[in-house]
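Working notes, beginning with the structure itself.
As the structure is a computational prediction, the values presented were derived from the model and not from experiment. Chain letters run A, B, ... following the sequence lines, proteins first and then strands; every chain starts at 1.
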2 protein chains.
Amino acid sequence: MKPRRQAPLSEQIVDILQGHFTDGTYPPGSQLPSEAELADAYGVSRATIRSALAQLAADGAVKRRHGVGTFVSKSTQIANPLNEVIDYHDLITDQGFEFGFQHLEAEITQPAPEIATALKIDADSSVFEVHKAFTADGELLIYTTNVIPEWVYKEHISDEEILKPDSTEPLFFEFLANRCQQPIDYYIATVRPEIAQNITFVGDIAPVDPLLPVLVIEEVGYNAQEKPVLYEVECLFGHRMTFELVRRLRIAIR
Amino acid sequence: MKPRRQAPLSEQIVDILQGHFTDGTYPPGSQLPSEAELADAYGVSRATIRSALAQLAADGAVKRRHGVGTFVSKSTQIANPLNEVIDYHDLITDQGFEFGFQHLEAEITQPAPEIATALKIDADSSVFEVHKAFTADGELLIYTTNVIPEWVYKEHISDEEILKPDSTEPLFFEFLANRCQQPIDYYIATVRPEIAQNITFVGDIAPVDPLLPVLVIEEVGYNAQEKPVLYEVECLFGHRMTFELVRRLRIAIR
DNA sequence: CAGTGGTCTAGACCACATG
DNA sequence: ATGTGGTCTAGACCACTGG
């Protein structure tokens, strides 16, 4: 599946350096050689080195200080970056729980007006809607609703086929990429807290403590052409997992 | 205070182009001139144009498609990006509410063990701790706790001075930058949902509905040397404001 | 002052999408 | 085949930091 064409030089450098961050050559906090030295060592131009270092800096793997040098970051990896899409399976198994998955209900229906607006489709067009649950050691951890417009799947899957419980993969973005040829480029999400008793479930689901805190992520997924492809609500129950985030200030300091 | 030295060319280009996105020259969805044309038009090298466009692409202002062109993003600005630090004042007034601020309590004390660990200080060293509340139309919207180690303020402000209610500015990162010469470079935050009844308040505060959902952001602020400078908890009550976030998938699709 | 990263140039070639 | 963005080079000069 991968033609495996040669990766760009700058990315090769990124990989090499990242390797050296973990193999002890450049431990956290240490200073890297200067750009000129790196360029010389790897036989590339300084611009290429700069490109690699810029990428590492954007990822937070190194810190650059003008007039001083480039340093390996100390506080490197963060746990479950909220600004990246969550792989529920890894999320649950990484914390030592047993992963469980439940297909609750699927239907073809008309979208609610807000959803039609968000997906930029007519309110009287059809959408496919599916509800799923993910459990950790049998306990409800995540409840999701996914809605896609008809045009997204129509040419690839029949209405009959898509309604089958095992038709859509647990991770919906994989289903969209693999089965609908509509990979998602990015999501725009809103995040809010909620209480379990305010969540309405579709499908047969074990009851949860009505006072459980819930993190609700409501988002629209767009393809590379910025066309809305997916409306999704994720409800994450309780505190059994936490999400992290790097925040920066873009505000000018008075 | 600003020597106002000339901004880099690439940033000037960024500003110019951003202006054209809103003045109708390049409306959302439209295609920009090619890199070569832009370089020619502004009398700079193609590398400079590329640098500007890369910055715009990173901000989400444009979309680049290899072999096709550069396009102005349609779904551009998002409301209250959760991955940027919040200016409470703007947050509240932007939504038409009246901004209110309350200094609740300040003290010099010993840190809890988790906090000492997070700040990388000894558990028996001193910290300054302050609690504040922000209201919208008089209703509690945000409750914050800020903790800084002694070394951060010691050389700039006396213990006596810092305990005065109007000593620290409402926005704590401004206080750190302006009064302590310790600007914060970035925060590492954990986000979780909570219920108001589980929040313990310090200081005199009007009671809130115990079942109100709360978004809790617990974070450590680091300076440019990656040294922890600030421990902070922000509790955001209810749904009167929402936070948005761009999410991407870095997971390989199977 | 020396050494670092930051900006910029002019030119070359490659990879991709489209007609 | 054409035009686009993606990668890379070699060299120059500037701006910041620290001894």
Side-chain angles (χ1 to χ4, degrees), chain A residues 2-17 26 29-58 60-73 181 183 185 223-227, chain B residues 1-17 26 29-73 181 183 185 223-227:
Chain A
K2 292 270 100 83
R4 268 231 157 279
R5 74 155 206 292
Q6 175 108 338
L9 274 182
S10 62
E11 273 189 33
Q12 296 180 35
I13 309 272
V14 166
D15 289 343
I16 293 172
L17 291 177
Y26 303 128
S30 64
Q31 180 170 5
L32 291 185
S34 70
E35 297 182 348
E37 287 170 323
L38 287 170
D40 202 53
Y42 296 111
V44 300
S45 74
R46 193 181 148 217
T48 302
I49 292 292
R50 275 188 67 72
S51 164
L53 291 178
Q55 201 171 319
L56 287 166
V62 302
K63 275 270 165 197
R64 316 203 66 187
R65 285 199 266 149
H66 194 170
V68 184
T70 303
F71 301 83
V72 183
S73 296
Q181 307 298 319
D185 190 39
N223 65 15
Q225 287 75 42
E226 297 190 86
K227 195 166 174 181
Chain B
M1 173 182 177
K2 292 269 99 80
R4 269 234 154 277
R5 76 154 206 292
Q6 174 110 338
L9 275 182
S10 62
E11 272 190 34
Q12 296 179 35
I13 309 269
V14 167
D15 289 343
I16 293 171
L17 290 176
Y26 303 128
S30 64
Q31 180 170 5
L32 292 185
S34 70
E35 297 181 347
E37 286 171 322
L38 288 171
D40 202 52
Y42 296 110
V44 299
S45 75
R46 195 183 145 213
T48 302
I49 291 293
R50 274 188 68 72
S51 164
L53 291 177
Q55 201 172 318
L56 288 166
D59 293 349
V62 303
K63 274 269 165 196
R64 317 203 66 186
R65 285 198 265 149
H66 194 170
V68 184
T70 303
F71 301 83
V72 183
S73 296
Q181 307 298 320
D185 190 39
N223 66 14
Q225 287 75 42
E226 297 190 86
K227 196 167 174 182

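Each of A:T70 and B:S10 was matched to the nucleotide of DNA chain C holding its nearest heavy atom; the match closer to the 5' end belongs to A:T70. If you find the closest nucleotide of DNA chain D to B:A36 and to A:I49, the one lying nearer the 5' end belongs to B:A36.
Ranking C:dA10, C:dG6, D:dG6 by closeness to the B:S45 side chain, first place goes to C:dA10. When distances are taken from the side chain of B:S34 to each of C:dC8, D:dT4, C:dT9, the shortest belongs to D:dT4. Taking only side-chain atoms of A:R50, from C-beta outward, the nucleotide of C:dT7, D:dG5, D:dT9 with the closest atom is C:dT7. Among C:dT7, D:dT4, D:dT9, the nucleotide with an atom closest to any side-chain atom of A:T48 is D:dT9.
Going from atom OH of A:Y42 over to atom P of D:dC8 covers 15 Å, rounded to whole Å. Distance A:Q31 CD to C:dG3 P: 13 Å, rounded to the nearest Å. D:dT7 atom C1' lies 16 Å from atom CG of B:L53, rounded to whole Å. In this structure, the CD atom of B:E35 is 16 Å from the P atom of C:dC16, given to the nearest Å. Atom-to-atom, CZ of B:R46 to C1' of C:dA10 comes out at 12 Å; the value is rounded to the nearest Å. B:K63 places its NZ atom 17 Å from the C1' atom of D:dT4, with the value rounded to the nearest Å.
As judged by a 4.0 angstrom heavy-atom cut-off over every strand, B:S51 is placed among residues making no nucleic acid contact.
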Dump the pairs, protein N or O against N or O of nucleotides 17-19 of chain D, anything under 3.5 Å, distances to one decimal.
none

